[in-house]
Amino acid sequence: MTQVLAIMIIFFVFLSIYFMIKIKNVAVRLTKSKELNNEENKFEKKYQFIRGLY
């Protein structure tokens with residue numbers, strides 16, 4: 001029983017790390033294209049909640 005719990009905890013930790021890396025990549029894409037192009041970014045409307053994290 002404790003092995004199942006430990007496996008579930010490890011799974012959720014890796015899953016949360018994966019999603020944090022994915023969000024960070026999208027945030028970097030937003031800022032880089034904004035700096036390079038100085039124009040409206042197509043990701044900005046879809047991922048607008050990320051701007052609140054800074």
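Basis for what follows: all heavy atoms, side chains included, without hydrogens, waters or symmetry-related copies.
The distance from the OH atom of Tyr18 to the CD1 atom of Ile23 is 11.0 Å, given to the nearest 0.5 Å. Rounded to the nearest 0.5 Å, atoms CE (Met20) and CG (Leu15) are 10.0 Å apart.
The cluster map of Ile, Leu, Val, Met, Phe, Trp and Tyr, joined by side-chain heavy atoms under 4.5 Å apart, puts Ile7 and Phe14 in different clusters.
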